[in-house]
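Please read the structure below before turning to the comments.
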Protein chains: 2
Amino acid sequence: MYRSQTCGHLRSSDINKEVVLSGWVQKVRDKGFMIWVDLRDRYGITQLIFDEERTSKEIMEQAKSLGREFVIQVQGQVIERSSKNPNMPTGDIEILVSNLVILNKSLLPPFTIEDQTDGGEDIRMKYRYLDIRRNPVKNNLIFRHKVTMEVRKYLSDQAFIEVETPYLIKSTPEGARDFVVPSRMNEGQFYALPQSPQTFKQLLMVGGMDKYFQIVKCFRDEDLRADRQPEFTQIDCEMAFVEQEDILNVFEGLTRHLLKEIKGIEIGDFPRMTYDDAMQKYGNDKPDIRFGMEFGELNSIAQHKDFAIFNDAELVVGIAVPGGAAYTRKEIDALVDWVRRPQVGAKGMVYAKYNEDGSFKSSVDKFFDEQDLAQWAAATNAKPGDLICVLSGDTLKTRTQLSALRMELAQRLGLRKKDEFAPLWVIDFPLLELDEETGHYHAMHHPFTSPKPGQMELLDSDPGAVKANAYDLVLNGNEIGGGSIRIHDKETQATMFKHLGFSEEEAKAQFGFLMDAFQYGAPPHGGLAFGLDRLVAILGGQETIRDFIAFPKNNSGRDVMIDAPAFIDDAQLKELNLKLDIQS
Amino acid sequence: MYRSQTCGHLRSSDINKEVVLSGWVQKVRDKGFMIWVDLRDRYGITQLIFDEERTSKEIMEQAKSLGREFVIQVQGQVIERSSKNPNMPTGDIEILVSNLVILNKSLLPPFTIEDQTDGGEDIRMKYRYLDIRRNPVKNNLIFRHKVTMEVRKYLSDQAFIEVETPYLIKSTPEGARDFVVPSRMNEGQFYALPQSPQTFKQLLMVGGMDKYFQIVKCFRDEDLRADRQPEFTQIDCEMAFVEQEDILNVFEGLTRHLLKEIKGIEIGDFPRMTYDDAMQKYGNDKPDIRFGMEFGELNSIAQHKDFAIFNDAELVVGIAVPGGAAYTRKEIDALVDWVRRPQVGAKGMVYAKYNEDGSFKSSVDKFFDEQDLAQWAAATNAKPGDLICVLSGDTLKTRTQLSALRMELAQRLGLRKKDEFAPLWVIDFPLLELDEETGHYHAMHHPFTSPKPGQMELLDSDPGAVKANAYDLVLNGNEIGGGSIRIHDKETQATMFKHLGFSEEEAKAQFGFLMDAFQYGAPPHGGLAFGLDRLVAILGGQETIRDFIAFPKNNSGRDVMIDAPAFIDDAQLKELNLKLDIQS
């Protein structure tokens, strides 16, 4: 038996007990005649004491030899501390050690195993097993476990069945890029790893499973942007005999349950906003509504003067920055520079100070008088003391730019509060999205999403106007989930594939099994998937998913700890009927 | 709203209620003036009634048009059935339909959607989404969900943390064959899919996670024997600061919990048996102990006569078949033929009838007298009325043959009872196993298993004699779990790799990260993994795992429903820097 208790267990009620503890040496304080050791495990830290008067010379010597991260086992008596530490759950007691076994030594770790470590990202990833010993990482992983347990309990109590779908499936190259897996037994053929279990969960609905969920790894071979992973985890759900309203209610219930159980926060009905409204008010289909700064469109009140920049613009739009009238010229210039950065891409920014005394001062005083500016203030909901920031240009681009500015300023103003949670349903997404490069429409959600009733007819005449039975769940400015009501009849699905540019043969080769299934009594169905990594990060009050994944990959898709991917044997390649084809 | 209740919900207390139901048409009975339809969903079947007197002509016509597996929605009133069906939970009521909507038609399904279907395995797999509508398959999947929920609840309550380990890892070709995944971003390099999260769970122990579990897909590219799948699911567990006893207790607790919660069966302490004993008594390291028929070794009492076959054999061993003395000559000849089949491989079988009157009659009466045979009876624990079956030859082969015979006879005699559960720990496995083809030893469990204390020294002198801290959990003759105490120091691990034929470079290239980790304070640790597919099948009283997997693959590793694996685009290959290399 390696321990009678963990290092987080003992209290003053345990005083005088004889105990055995095991753990890691967090810290040694050696005063010569007295040595204190902080012994750490997952559950906490317990202070050990060795002293000349009560501890044998041999054990004193052993204690002096201990280094950071040594693994030891001690036997001893729980005694009262002379100076208690009220900040530690075990701070009332210490262990007077009578026996010490070094279970394993440790080299000096390459970074400190402390909440605030001196190790940079790269070294922490290489020695991730040491990084996980640190409270912030360890607690994130435990937090993730708690979230998934609550998700499973909630959905299971609602009669959802978790069904495992296969990982070795078929490549469908028109979506994101698949990871493929050569098949040795089927010469020249490949499996693909699933980008999501989409078609399988739909087949489970055809199969009468009624309510399905799965917490499941998904794979996308994309060039990795910051904070994307080639493998990521989804809470994948599907229901039969449902309309959009049913699905929103169920998953609003799940999210409310998580906020309550995990964060202790009670939230009422989630607000809903159409995609069009979200774009108009926030320039974004995943608005952070923890704070205001809603867009005010100024076209009707800013295009009547000689200011060509506005007059030539498709959209003139502004936001009011709380307290921004106090910004210095230098601060405002910095803001202008910020929107001009290539990542944002605005050409410039017009601003108007709404002074505390009710007067206005703008960068376009030449063109606009106080009466104009008062109208801007009304449209942007600005109060005395605010700064009105105005961008103009193409509608979509300008909205995106102003949205970026809104988020940046909210961050600077401390309006994106970690402990505040503002969920929002964004509904009525467009079915199709125009790819500006190719001029083709592609599915905004995926090819299985159904158009709103009666809108199929628009597909030919005005494809961009067709709205879908699709919805996203947004939390604090992040899309944490999204889904749709699916097509469930073969004809509609075939029409959709045609509009997405599939030939009949391509559609049949890739999704024939699904269209076949729709001919054998497919029920109406729909669903939703949450991105677990992001959900957990946001619930944890953070935005970086990497900190909530035990063994993440870097931006080149490498696991630097195990050093993967790696070259493989020629024999292995030959068995798979493959040859490398490397230009260099 | 598609339904107010499910098809399994309504009872006589609901009579007179107006309800809306949706589901599949299971059966239509059309008496002309009256039509009954069985409406089915996941939750049950509800009978619908249409009759000339109470139903509109239009709806009668619609009802007549319904075919099997049509998806419909009905509105109507719950009424009392004139002839109740006590075998159905909803058998007291039926729905008098006032409105009928056909939500989706169905082609005639290629097999009947009944508990006993007329569809063969192949067609059921191709249309698995229809197969899943059948109760036996549907209930198996729901049963699997219940088991995994109980596993998660139990382990979570015991402070285990479920941690997701990566799927894109590194190939280690000396185990079973890996599935590999070409990396587009890392030219010429490959990920591998995990055969198990073994090294990652050990790193989590080094990382202080203390108690880990994960229900996780694993992958092996092996030539598929019957009832093996290229992707399978493990309940993977690991604990730090434990000895074998701690692990056996925790997972005995889990198994006992499952038997109680899922099957309602209370089982006390699980028996334990050493590997050596299991081999000697049952010829098998996963004995089914629901019944006796233990082996009796006969060398000392059967090698003293002129019977060369026995005298030349390394082992002479028999079992007593209950009631077998009554077998006819023809039946016994059939048994002899059975052990001679190439799958079993015995050269022949000696038998002795222990007649009810206490006399003996054997196939070797020329060599052995009644006194000899009485000794055989004592050694095999035969009673009057039994048949003693004796095989002889090389120890290992003969044991395997007699074990096969024992299992076959137990099956025929009805001794392998579905509703009886007999768990057993098999412990003290050998560390190494001799590969007779190559003459090399390889790890019986895996290279991370620790030898029993004090046995490292034997590694050089008598490698086959070294016992490991390794254990299997056996249930009804199936290995459902297995694990070991691991090596946790670099030197022992290096020695082990050396003995397994790794060069230092190979060991470093493949497992350097693990040996590095062992230098930074690795705690003693160990664990176990359950094969979920088999565990669920056995708890479900069946032995075929395929029936408990939603979308299984066939023996060529193909998913015949989606038709995977498949050929991929040349462009896709090119992006991966690969070329097909097919001889033919």
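All chains are named by letter (A, B, ...) in the order of the sequence lines, taking the proteins before the strands, and each is independently numbered beginning at 1. Just so it is clear, the values below take in all heavy atoms, side chains as well, and ignore hydrogens, waters and symmetry mates. The structure displayed is predicted, hence computed values, not measured ones.
- If you measure heavy-atom distances from Met185(A) to chain B, the contacts under 4.5 Å come from the side chain alone.
- Between His145(A) and Phe213(B), the angle of the ring planes goes over 60°, which puts this pair in the perpendicular group of the 30/60° scheme.
- Using a 4.5 Å cut-off between heavy atoms, Phe219(A) contacts chain B through its side chain alone, with no backbone atom that close.
- Counting heavy-atom pairs closer than 4.5 Å to chain A, the top residue among Pro109(B), Pro110(B), Ala522(B), Pro182(B) is Ala522(B).
- Under the 3.5 Å distance criterion, the side-chain polar atoms of Arg42(A) are left unmatched by any main-chain donor or acceptor of Asp210(B).
- Per-residue heavy-atom pair counts under 4.5 Å with chain A were compared for Leu580(B), Leu103(B), Ile568(B), Ile562(B), and the maximum is reached by Ile562(B).
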| field | Test side chain to side chain contact (heavy atoms under 4.5 Å, CB included) applied to Glu575(B) and Arg177(A), step by step | value | CA-CA 10 Å; Glu575(B) 265 195 328; Arg177(A) 221 182 262 108; 2.9 Å; yes

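- For the residue pair Ile582(B) and Glu187(A), the shortest heavy atom distance occurs at CG2-OE1, 3.2 Å.
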| Trace of the side chain to side chain contact (heavy atoms under 4.5 Å, CB included) decision for Met209(B) with Arg133(A) | CA-CA 8 Å; Met209(B) 261 296 143; Arg133(A) 287 188 196 159; over 6 Å; no

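- The NZ atom of Lys490(B) lies 15.0 Å from the NZ atom of Lys105(A); values are rounded to the nearest 0.5 Å.
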| field | Audit row: Leu578(B), Lys579(A), side chain to side chain contact (heavy atoms under 4.5 Å, CB included) steps and yes/no | value | CA-CA 6 Å; Leu578(B) 290 175; Lys579(A) 259 188 193 160; over 6 Å; no

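- Per-residue heavy-atom pair counts under 4.5 Å with chain A were compared for Asp246(B), Asp489(B), Ile169(B), Thr148(B), and the maximum is reached by Ile169(B).
- For chain B, the nearby part of Leu532(A) is the side chain; its heavy atoms alone come within less than 4.5 Å.
- Contacts of Ser22(A) with chain B are made by both backbone and side-chain atoms, with heavy-atom separations under 4.5 Å.
- Within the 3.5 Å criterion, the main-chain N or O of Ser556(A) finds a donor-acceptor partner in the side chain of Asn186(B).
- Both the backbone and the side chain of Phe200(A) come within less than 4.5 Å of a heavy atom in chain B.
- Considering every non-hydrogen atom in both Val206(A) and Trp24(B), the closest pair reads O-CZ2, 3.9 Å.
- Between Arg184(A) and Asp223(B), at least one side-chain nitrogen of the basic residue sits less than 4.0 Å from a carboxylate oxygen of the acidic one, meeting the salt-bridge criterion.
- If you measure heavy-atom distances from Ala240(A) to chain B, the contacts under 4.5 Å come from the backbone alone.
- Only the side chain of Lys553(A) comes within less than 4.5 Å of a heavy atom in chain B; its backbone stays farther off.
- Ranked by heavy-atom pairs under 4.5 Å with chain A, the first of Gly207(B), Pro565(B), Pro523(B) is Pro565(B).
- Under a 3.5 Å cut-off, the side chain of Asn104(B) and the backbone N or O of His488(A) do form a donor-acceptor pair.
- Considering only heavy-atom pairs separated by less than 4.5 Å from chain A, the leading option among Asp221(B), Val163(B), Leu204(B), Asp559(B) is Asp221(B).
- At distances below 3.5 Å, at least one donor-acceptor pair connects side-chain atoms of Glu243(A) with backbone N or O atoms of Met1(B).
- Of the possible donor and acceptor atoms, none in the side chain of Lys574(B) sits under 3.5 Å from a partner among the backbone N and O of Asp581(A).
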| said: Go through it in stages, so that I can follow the logic: the residues are Lys146(A) and Glu162(B), the test is salt bridge (Lys or Arg N to Asp or Glu O under 4.0 Å), and I'd like the CA-CA distance, side-chain angles, deciding distance and then a yes or no. | reply: CA-CA 9 Å; Lys146(A) 279 191 192 149; Glu162(B) 184 161 20; over 6 Å; no

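- Across every non-hydrogen atom of Glu231(B) and Leu168(A), the tightest pair is OE2-N, 3.0 Å.
- The backbone N or O of Ala550(B) lies less than 3.5 Å from no partner atom in the side chain of Glu164(A), so there is not a single donor-acceptor pair.
- Only the backbone of Glu222(A) comes within contact range of chain B, judged by heavy atoms closer than 4.5 Å.
- Judged by distance alone, with hydrogens and angles left aside, the side-chain atoms of Lys217(A) form no donor-acceptor pair with the main-chain N or O of Val216(B) at under 3.5 Å.
- Outside the 6.0 Å centre-distance limit, the rings of Phe567(B) and Phe190(A) are not counted as a close aromatic pair.
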| query | Which is it for Ser106(A) and Gln519(B) under the side chain to side chain donor-acceptor pair (under 3.5 Å) test, yes or no, and what are the steps along the way? | reply | CA-CA 5 Å; Ser106(A) 175; Gln519(B) 295 186 290; over 6 Å; no

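- Contact of Val242(A) with chain B is made through the backbone alone, with heavy-atom distances under 4.5 Å.
- With a 4.5 angstrom heavy-atom cutoff, Ile549(A) does not touch chain B via any of its atoms.
- Among Asp131(B), Ile132(B), Leu573(B), Thr6(B), the residue with the largest count of heavy-atom pairs under 4.5 Å with chain A is Ile132(B).
- Heavy-atom distances place no part of Ile113(A) under 4.5 Å from chain B, backbone and side chain included.
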